[in-house]
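Structure first, commentary second.
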Amino acid sequence: MTSFDVQRVRADFPILQRTLAGGEPLVYLDAGATSQRPQPVIDAEVAFLTRSNAAVKRGAHQLAEEATDAYEGARARMGEFLGAPRPEEIVFTRNATEALNLVARSLGDGDASTPDHLRVREGDEILVTEMEHHANLVPWQELARRTGARLRWIPLTDDFTLDLTDLGSLLTERTRVLALAHQSNVLGTVNPIGTLVEAARAVGALTVLDACQSAPHMPLDVRELGADFVALSGHKMLGPTGIGVLWGRYEHLAAMPPFLTGGSMIEVVHMDRTTYAEPPARFEAGTPMISQAIGLAAAADYLSALGMEAVAEHGGALTDRALRGLRELPGVRIIGPAPGPDRTGAVSFAVEGRHPHDIGQVLDSRGIAVRVGHHCAWPLHRRYGIPGTTRATFSVHTTAEEVDALVDSVSYALDYFGRFA
Amino acid sequence: MTSFDVQRVRADFPILQRTLAGGEPLVYLDAGATSQRPQPVIDAEVAFLTRSNAAVKRGAHQLAEEATDAYEGARARMGEFLGAPRPEEIVFTRNATEALNLVARSLGDGDASTPDHLRVREGDEILVTEMEHHANLVPWQELARRTGARLRWIPLTDDFTLDLTDLGSLLTERTRVLALAHQSNVLGTVNPIGTLVEAARAVGALTVLDACQSAPHMPLDVRELGADFVALSGHKMLGPTGIGVLWGRYEHLAAMPPFLTGGSMIEVVHMDRTTYAEPPARFEAGTPMISQAIGLAAAADYLSALGMEAVAEHGGALTDRALRGLRELPGVRIIGPAPGPDRTGAVSFAVEGRHPHDIGQVLDSRGIAVRVGHHCAWPLHRRYGIPGTTRATFSVHTTAEEVDALVDSVSYALDYFGRFA
Amino acid sequence: MSSGLDVLYTDIIFEHDKRPQNAGLREPFHAEVHHVNPTCGDEITLRLRRQPGGAVEDISYEALGCAMSRASASMMSELLIGRSLAEAEEITVAFEAAMSSRGRDAGDPEVLGDAVALLGAAKFPGRVKCVLMAWKAYRAALVEADALDGSAG
Amino acid sequence: MSSGLDVLYTDIIFEHDKRPQNAGLREPFHAEVHHVNPTCGDEITLRLRRQPGGAVEDISYEALGCAMSRASASMMSELLIGRSLAEAEEITVAFEAAMSSRGRDAGDPEVLGDAVALLGAAKFPGRVKCVLMAWKAYRAALVEADALDGSAG
Ligand SMILES: Cc1ncc(COP(=O)(O)O)c(C=O)c1O
Ligand SMILES: Cc1ncc(COP(=O)(O)O)c(C=O)c1O
C-alpha cells in the first residue's frame with residue numbers, strides 16, 4: 001500500500017533509535033505538533049556550518065558568496081516545492097505564526113499609496129473559520145481591533161466540516177480577507193479550498209491559507225490552490241524549528257508595506273526616512289535564518305524523493321486504520337469526519353468521562369507520544385462541548401504496527417481507568 | 001596577553017580547517033557580521049535533535065518534557081549569562097532585529113489599560129543616535145510614523161563618539177524612549193551607557209540597548225547596564241542564526257501588549273476575543289526556535305568557559321594591533337576612535353580614492369574575509385562623507401598573525417591599485 | 001511498564017476525583033477567582049470565605065480538568081478549610097515546594113495529609129501545573145480578599 | 001594568488017574608471033533615473049535622450065561606486081550612444097545574459113566591444129550587481145521615457 005519502504009525511512013531518523021524511561025521504544029505520534037528530522041536534514045545544516053557559514057547578501061568574500069548561493073538556492077528550492085511561479089514569492093519567516101502575523105500586520109499598515117485591496121480598514125470585514133488554529137485567528141482579531149474592521153467566522157457542522165450554508169451572507173463585498181486552514185490540525189478535515197478561493201475572488205477578497213498541516217502530508221501547488229498567500233512551518237515538514245515560509249503573489253508583496261524593519265530590507269536610509277527594497281528582501285529584516293533555510297530545503301528534497309503522492313497515500317492509509325480501530329472502542333468519540341479522501345494526517349478523539357490528559361499519560365507510560373489538550377484550537381473544542389482531545393498524528397516513518405499499538409493502548413487506558421469506575 | 005590558548009580555541013572551529021578557491025587558508029575577519037560556530041554548539045543542537053526533539057510546553061509525553069526542560073534551561077542559562085534577575089525576563093526572538101521591532105511595536109500598540117510610560121503617542125519624542133545600525137533606527141522611524149511621535153537623534157563628533165553637547169535639549173520630558181547601541185558595529189566605539197541611562201531615567205524615558213556587538217566581546221550584566229531593554233543576536237556570539245534575545249525588566253514586559261500573536265502566548269481564546277499569557281510566553285507566539293535556543297545556551301557556555309574578561313582582553317589587543325598597523329599605511333583613514341579602552345572589536349577604514357568594494361576584493365583574493373559597504377549604518381557613513389568602509393572584526397579564534405596578514409594585504413592592495421594611478 | 005502510572009494514579013486520587021470534597025460554589029464568600037491552564041484548557045472557579053479572626057472558613061469551587069487537577073482541588077479544600085491563615089500558608093508553601101522538587105522532596109504526611117498522594121505528579125513536569133492550579137487559585141483569592149477589605153495579608 | 005584579481009581588474013577597466021566616457025549630467029534629456037545598490041551604497045544618476053526616430057542620442061550620468069561599477073557605466077554609454085533602440089536592446093540583452101552566466105558565456109566582442117572586460121566579474125556573484133547597476137538604470141530610463149511620451153516601448 002505504501003510505495004516507499006517505511007523501514008528504510010525509519011533508519012533515516014536517528015531519534016527513533018532511542019528508548020524511553022521504562023525501556024519502551026519510542027512511538028512518536030505527535031508529528032502534527034513538530035516532526036522529527038531525518039539525518040539528511042541535520043547533515044545539510046552541519047555541512048553548511050562547517051564549510052560555508054557567513055552572512056548572506058552582504059559580504060564580498062568567498063564564504064559570503066557561497067552562503068548567499070546556498071540561502072538563495074534554498075529559496076528557489078522551496079519555490080519549486082510549492083509550485084511558486086517566482087522564487088521571489090518565497091519569504092522566509094521564523095514560523096507559520098510569524099508568516100500569518102506578517103500578512104495581518106501589513107494589511108493594516110498601508111496608507112494612501114497602498115492599493116485598496118491590500119488594506120483593511122474600519123467597516124471592512126475579515127472572515128475566518130471556527131476550526132482555525134490560534135495562529136490563524138488571533139492575528140486577525142488583533143487586526144480587527146487595530147483597524148475597526150469586523151471579524152466574522154464560518155461555523156462548523158456536526159460532521160466536523162465547514163458549514164457553508166450561510167456563506168453568501170458571510171462572504172460579501174465588505175470582506176477583504178478570507179483566512180483559513182487548508183487542513184485542520186485537530187479534525188484532519190481538508191477544506192474545499194477551490195470553492196472558497198473562487199467565492200472570495202468573486203467578492204474581491206484575498207485568501208490567506210494556513211498550510212501548516214497539509215504541507216507535510218500532500219502535494220501542494222500554490223497555482224492550483226489559487227490563494228493569495230500561503231503560510232507553513234518548517235518544523236512540521238521534517239525541517240528545522242525557527243523557519244517558516246510565507247508564499248505570496250508577487251504583485252501583492254510588491255505593493256505591501258513592510259512588517260519587520262531593519263537591515264537588508266531597505267533601499268536608502270536617512271536619519272529621518274527610509275525607502276524599502278523589493279520583495280522578498282523587503283520582508284526579511286536582519287540576518288535571516290540561514291542554516292535553517294538550508295535545512296528546510298533539504299527536508300523538501302527528502303519529501304520529494306519519497307514523492308508527495310506516496311506520502312499522502314501512506315498518511316491516508318494510517319489515518320483510516322487508526323479511525324477503524326479507535327471507533328470500535330467503548331466510550332471513544334472521534335472528533336473528525338469519517339474515513340475518506342478529505343480527511344488525513346490527524347486523528348483526535350474524546351473519551352467519555354475521561355480527561356485527555358489522563359489518557360495521554362497512560363499512552364506515554366507505554367512509549368506512545370501523542371498530544372492532549374485543545375491543540376491551539378480552543379474555539380473548535382468549545383464548539384463540540386469538550387475541553388480537549390487526545391490527538392495522534394502521523395509522519396512518513398509511522399508504521400501500521402504503531403497505529404495498532406495506539407489502538408491497543410487506548411483500549412488499555414479504558415481498562416486502567418475502568419477499575420476505578 | 002591572552003589568557004586562553006587561541007590555537008586550542010581554533011581547533012574547536014571546524015570551518016577554520018577549510019581552504020579557499022586558490023588554496024589559501026581562511027582568515028575570517030567578518031565575525032561582526034556573523035560569527036562562526038564552535039563544535040560544542042553544533043553538537044548541542046544535534047544531540048537535542050537526535051534525542052529529545054519535541055514541541056515544548058504542549059505535550060504530556062516524555063520527549064515533550066525533555067524538550068521543555070532543555071528549552072527552559074536555555075532560557076535560564078541566557079538569563080545567567082546576562083545577569084538577569086529573573087529567567088522570565090529573557091524572550092527568545094528570531095534575531096536582534098525582531099527583538100527591537102517587538103519593543104517598538106509594543107510601545108505603539110497600547111491602549112488605555114497600558115501604563116503611560118510604556119506608550120509612545122503623538123507629541124512624544126523618541127531619541128536615537130546617528131551611529132545606529134538600521135535595526136535600531138528604522139523600527140523607531142516607523143513607530144514615529146505610526147504614532148505621530150517625533151524622532152530625534154544624538155549626532156556624532158569628528159572623533160567618532162556621540163556628541164553629548166546638546167543632550168539637555170535632545171533628552172527632555174517629552175522623550176519616551178532612548179534607543180542606542182552599546183557598541184557601534186562600524187566605529188567600535190563603546191558608548192557611555194551609565195551616563196545615558198541615568199539621564200534618560202531622570203526624564204522618565206525608557207532605555208533600549210542594542211547589545212549585538214558588545215555581547216560577543218565583553219562581560220554584560222543587565223543590572224549594571226541599568227537599561228530597560230537589551231537586544232542581541234545569537235549568530236554574532238558563536239550561536240545559531242534564527243535566534244536572538246530580548247531582555248526586558250519584568251514589570252515592563254508584564255504591562256506591555258503582545259507583538260506576534262498565535263499559539264502558546266494566550267490565556268483564553270474565544271472566536272471574538274483573547275486574553276494573553278504572562279511574560280515570557282506572551283511574547284513567544286507559535287513554536288519557538290527550540291534547538292536554536294539550546295545552541296545559543298551552548299555558545300554562552302563556551303564563552304563563559306573562556307571567560308568574558310579574557311575574551312575582552314583578547315579582542316582589545318587585536319584591535320590595538322590592527323589600528324597601529326593600518327594607520328601607518330598611506331591614504332588609509334581609520335573610521336573610529338584611536339586605540340583605547342572604549343573601542344574594541346571592529347576596525348573600519350577608508351582608503352583615499354579607492355572604493356571599499358575594490359579593497360575587499362583584493363583582501364578576498366588573499367583569503368581574508370572582511371566586510372565592505374555601509375554595514376547597515378548608512379547615516380553614519382554619510383556623516384563622515386564616505387559611501388562605505390572596509391571593516392575587519394575579530395573573534396575568539398582570531399590570531400595576531402591574522403591581524404598582521406590583514407595589514408600586509410591592505411598594503412598589497414594599495415600597491416596593486418597604485419600601479420594604475 | 002505502567003509502574004510510572006501507578007505512582008500517579010493511586011486509589012485515593014480516584015476517590016477524590018469521583019467524590020470531590022467541598023465541590024460546588026457556595027455563598028457567602030469574600031473573593032472569587034477564575035483560573036485557567038492555557039495549555040490544556042483546564043479551569044477552576046474558586047471562592048474563599050474567611051473568618052473575622054483570619055481563618056479559612058470555606059473554600060468552594062467548580063473544577064474542570066484531569067483526575068489530578070480535580071483531586072488536587074478536593075484535597076486542598078479538605079486540608080485548608082478551618083485552618084488559620086498562618087497554618088494554611090505553611091501547608092501551601094510546603095506543598096508547592098514538594099511539588100516543584102521533581103520528586104526529591106517526598107512531603108510530610110503530617111502537614112500535607114492526603115495531598116502527599118498528589119506528589120507522584122512531581123516527577124511528571126507536564127502534570128505539575130495541573131496539580132498546582134487549585135493552589136494558585138487559592139493564593140489569588142487570598143490576595144483579592146485582602147485587597148477588598150484593605151487589610152494587608 | 002591574485003590570478004582571480006587580474007581577471008577582474010584589467011587595464012581597460014582602470015582606464016574607464018580613471019577617465020570615464022560620457023560622464024557628467026547633460027541637457028536636454030527625456031528621462032532621468034536614480035538607482036542605488038542598497039547593499040554597498042553605490043549610486044548612479046542617469047539621463048537618456050532619444051532621437052525622434054528612436055535611437056539613443058545621449059546617455060549622461062554621475063556614478064558613485066567601485067572601479068567595476070564606474071567602468072561599467074562608462075563602457076555602457078560608449079557602446080549604446082548612437083545605436084538604434086533595437087540594437088541597444090540586443091546589446092543589453094547579450095550583456096546581461098553573459099553577466100548572469102557565472103562565466104559560462106564569455107560574451108561576443110563583436111557585440112559588446114570593451115564591455116567584454118567587465119565579464120570577469122561574472123565569476124564573482126557579489127560583484128555582478130555592481131556591474132549591472134548602470135545597465136539597469138538605462139533600462140529604467142527607457143521605460144520612463146516611453147511612459148512620458150506615451151509611445152509603447
Ligand atoms: C549593532 C547591531 N545592531 C543590530 C544588528 C542586527 O542583528 P540581526 O541582523 O542579527 O538582527 C547588528 C548586526 O547586523 C548589529 O551589528
Ligand atoms: C494548522 C496550524 N496552523 C498554525 C500552526 C502554527 O505553527 P507554528 O507554531 O510553527 O508557527 C500550527 C502548528 O502549531 C498548525 O497546526
Side-chain angles (χ1 to χ4, degrees), chain A residues 19-25 27 30 33 134 138 186 335 348 350-351 353-391 405 408-409 411-421, chain C residues 1-20 23 34-45 61-75 99 102-103 114 117-134:
Chain A
T19 52
L20 299 172
E24 311 83 20
V27 178
D30 198 15
H134 297 161
V138 189
V186 179
I335 306 299
S348 301
V351 175
R354 267 303 130 208
H355 192 277
H357 238 128
D358 296 318
I359 302 293
Q361 195 76 53
V362 175
L363 299 188
D364 184 45
S365 77
R366 297 164 69 92
I368 298 177
V370 295
R371 194 169 158 196
V372 298
H374 54 56
H375 319 302
C376 302
W378 207 330
L380 178 157
H381 285 85
R382 216 176 271 118
R383 159 66 176 85
Y384 294 114
I386 42 177
T389 47
T390 303
R391 181 187 75 175
D408 278 356
S409 295
S411 170
Y412 173 86
L414 300 180
D415 289 348
Y416 182 83
F417 293 119
R419 63 184 170 115
F420 299 100
Chain C
M1 200 157 169
S2 59
S3 64
L5 269 192
D6 294 339
V7 171
L8 210 55
Y9 297 112
T10 53
D11 288 354
I12 192 156
I13 295 283
F14 281 110
E15 263 166 45
H16 280 271
D17 178 33
K18 290 274 153 215
R19 279 171 293 277
H34 179 74
H35 273 207
V36 296
N37 181 338
T39 38
C40 58
D42 287 357
E43 301 184 36
I44 190 169
T45 304
Y61 62 88
E62 242 170 46
L64 198 82
C66 62
M68 299 305 299
S69 75
R70 289 160 48 88
S72 182
S74 170
M75 290 169 169
M99 203 61 209
R102 297 243 157 155
D114 279 5
L118 293 166
L119 295 175
K123 289 196 189 113
F124 298 83
R127 305 306 295 278
V128 170
K129 277 194 180 171
C130 308
V131 173
L132 284 180
M133 184 165 68

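In this text the structure is predicted, and so the values were computed from the model without any measurement. Residue numbers begin at 1 in each chain, while the letters A, B, ... track the order of the sequences.
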Practice task
Would you please say whether a donor-acceptor pair under 3.5 Å links the side chains of C:D42 and A:H355?
Solution key: yes
Exercise for the section: For residues C:R127 and A:D358, determine if any side-chain heavy atom of one lies less than 4.5 Å from a side-chain heavy atom of the other. Expected result: yes
Fill in the blank from the handout: When rounded to the nearest 0.5 Å, the distance separating CZ of A:R419 from CG of C:D11 is 6.5 Å
Completion exercise
When rounded to the nearest 0.5 Å, the distance separating CZ of A:F417 from CG of C:L5 is 7.0 Å
Problem - Part of C:F124 lying under 4.5 Å from any heavy atom of chain A - result: side chain
Practice task
Please examine the side chains of C:M68 and A:H357, heavy atoms only from C-beta on, and report whether any two atoms are closer than 4.5 Å.
Solution key: no
Exercise for the section: Under the side chain to side chain contact (heavy atoms under 4.5 Å, CB included) rule, collect the residues that match up with C:D17, sequence neighbours excluded. Expected result: A:R354, C:F14, C:A67, C:R70
